[in-house]
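So the structure is just underneath, and the comments pick up after that.
All ligand and atom numbering here is 1-based and tracks the order in the structure.
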Amino acid sequence: QVFLGTFVSSKSRQELQYLHGAAVCVDNHGRIAKVDEDCTSVELVEDRLLSKLGWKRSEVDVFVAKPGQFFFPGFIDSHVHAPQYPNVGIFGKSTLMDWLETYTFPLESSLSDLAKARRVYTACVRRTLAHGTTTASYFATIDVDATNLLADLCLSLGQRAFVGRVCMDNQDMCPDYYRDESAEAGLEKTLQTIQHVREIDPSFELVSPILTPRFAPSCTSESMKGLAKIQREMDLPVQTHVSENDGEIALVAQLFPESSSYTGVYDDHGLLTTRTILAHAVHLSEAEAQLIAARGSKVSHCPCSNSSLTSGAARVRWMWDRDITVGLGTDMGGGYSPSILEAARQAALVSRHVAMGIDAADPERERSKLTVEEVLYLGTRGGAAVVGLDDRVGGFEEGMEWDAQLVALGSVDDKGVATDGDGEGPDGGNVDVFGWESWEERIVKWVFNGDDRNTKKVWVKGRLVHSRR
Ligand code: GUN
Ligand code: ZN
């Protein structure tokens, strides 16, 4: 396949790269074989590219983006709970611990009904794909069959995914109706999911298992140590929650008095690895940040959730200053939206709240504010680094894989009718772009006013996985 048009992606944290009139050639494995920065027409494709690649014109599909549309790397959601999809937006006045008990555990438990799990997981994968999420790191539930079904659905619907069976075996902290019978039983179930994913995707090309101790309070030392052993033996990624909420942090200190901090609990059990994703990290101490950086573990910033559940405002600049790799998570369920574009927007706003908490005379006040370029970086390359796929996704370099979305921004015609500029009707017309605003302004418009109506098509590993009518 060959894609022609404008390509926008993160060049660095601070800067976006714009390629106009460019061509990206994608081979049958979904890999980007060639990028030509100056290929403005279909006619040129043959002369300049296909002959060099040895590809026959008759075997190549050429997709041309319309003027004003652009290709953008697919989003990476580095922390999302698939079973909580039915609850998005429902959180009332609760904070983390009572929210888990009131809303979350009953819902997750109900997904042991496989027919319900299929409905919820299908909707979740389709909906996140429609929002441009090409890679997701999923928490499933404690149920093996339902978790394996989520892995099956990611593979068949074409979403790149990490799928974790949730481990929660602490009898004192987890409800009787929703917990592993024992540490040993939980570890055995986790191995069953790993085995299942190996059977459906032997080299974890699209779908990979991920070890998922829910969070320290729900796990015994025995299960955390067991998971760390599996991690070392199989070199698998790990995901969990850390330092999200004041009450939770106090509880962890009570449950694990021998550890020096919440982060220290995971380190003491061998779970802080270079492949570990820590969600939230709102209230980290200096020592905890240093420990995460030293271990090379990563952080998923979940601003929608942290505001919804009144958890706090995580300091992204502060973590970057300490060499911590950060990406974005919707934390759907806790977060009210399945969209990483929404998470990016909220990351920008939350960083302004962080700024407002800093003295006006302190230069850190201004520095802590994140730019549009930075929040888009978090949602693409940052997230790719968090899930360990930065050599494969998050940008459009040769050798990377074609995980991309086609974005169309609309305008309103003189009769007030929204159009998306490509003659296909009002779809995607929710971002008004008048006249010839700069590309930089168009991107800002997209970040602050856009949504899934602007994402016209989505590809993962070269496969078209979503197309908006
Ligand atoms: N901590 C433990 N479980 C959860 C969860 O499901 N969501 C959030 N946001 N935090 C958690
Ligand atoms: Zn979460």
Self-check item: Whether Cys302 has an N, O or S atom under 2.8 Å from the Zn ion (ligand 2)
Solution: no
Quiz item: Tell me: protein heavy atom nearest atom 3 (N) of ligand 1, and distance?
Solution: Arg214 NE, 2.8 Å
Quiz prompt | Tyr103 and ligand 1 - part of the residue with a heavy-atom distance under 4.0 Å | solution = neither
Quiz item: What residue and atom, counting heavy atoms only, is the protein's closest point to atom 9 (N) of ligand 1, and at what distance?
Solution: Asp331 OD2, 2.6 Å
Practice problem: Flag the pair Lys11 and Glu373 as a salt bridge only when some basic side-chain nitrogen lies within less than 4.0 angstrom of an acidic carboxylate oxygen. | Solution: no
Quiz item: For ligand 1, which atoms, with element, lie under 4.0 Å from some heavy atom of Phe215?
Solution: 1 (N), 2 (C)
Exercise. Decide whether Thr276 and Tyr266 meet the rule of one side-chain donor and one side-chain acceptor closer than 3.5 Å.
Key: no
Self-check item: Pair Asp452 + Arg127: basic N to acidic O under 4.0 Å
Solution: yes
Practice problem: Provide the number and element of each atom of ligand 1 under 4.0 Å from a heavy atom of Leu96. | Solution: 1 (N), 8 (C), 10 (N), 11 (C)
Quiz item: Would you call Glu222 and Lys225 a salt bridge, using N to O less than 4.0 angstrom?
Solution: no
Quiz item: With backbone taken as N, CA, C and O and side chain as the heavy atoms from C-beta onward, which portion of His81 lies under 4.0 Å from ligand 1: side chain, backbone, both, or neither?
Solution: side chain
Practice problem: Just give me the atom name: the N, O or S atom of His79 closest to the Zn ion (ligand 2). | Solution: NE2
Quiz prompt | Pair Asp180 + Arg165, salt bridge at N-O below 4.0 Å | solution = yes
Exercise. Could you tell me if any non-hydrogen atom of His280 lies under 4.0 Å from any atom of ligand 1?
Key: yes
Quiz item: Can we call the ring centroids of Phe139 and His241 under 6.0 Å apart?
Solution: yes
Self-check item: Atom name in Asp331, limited to N/O/S, at shortest distance from the Zn ion (ligand 2)
Solution: OD1
Exercise. For the Zn ion (ligand 2), decide whether Glu244 has an N, O or S atom at a distance under 2.8 Å.
Key: no
Self-check item: Protein contact to atom 7 (N) of ligand 1 [nearest heavy atom, distance to 0.1 Å]
Solution: Trp99 CZ3, 3.3 Å
Exercise. Output yes when Glu181 and Lys189 qualify as a salt bridge under the 4.0 Å nitrogen-oxygen rule, no when they do not.
Key: yes
Quiz prompt | Angle at the Zn ion (ligand 2) (to 10°), with one arm to NE2 of His241 and the other to NE2 of His81 | solution = 100°
Quiz prompt | Electrostatic pair Glu244:Arg214 at N-O distance under 4.0 angstrom | solution = no
Self-check item: Centroid-centroid under 6.0 Å between Phe71 and Phe3 rings
Solution: yes
Quiz item: Could Arg317 and Trp320 be counted as a cation-pi pair, given that NZ or CZ must be under 6.0 Å from the ring centre and within 45° of the axis?
Solution: no
Quiz prompt | Nearest candidate to atom 4 (C) of ligand 1, where distance is taken over non-hydrogen atoms, out of Gln84, His241, Met97 | solution = His241
Exercise. Specify the protein heavy atom at minimum distance from atom 10 (N) of ligand 1: its residue, its atom name, and the distance to 0.1 Å.
Key: Glu244 OE1, 2.7 Å
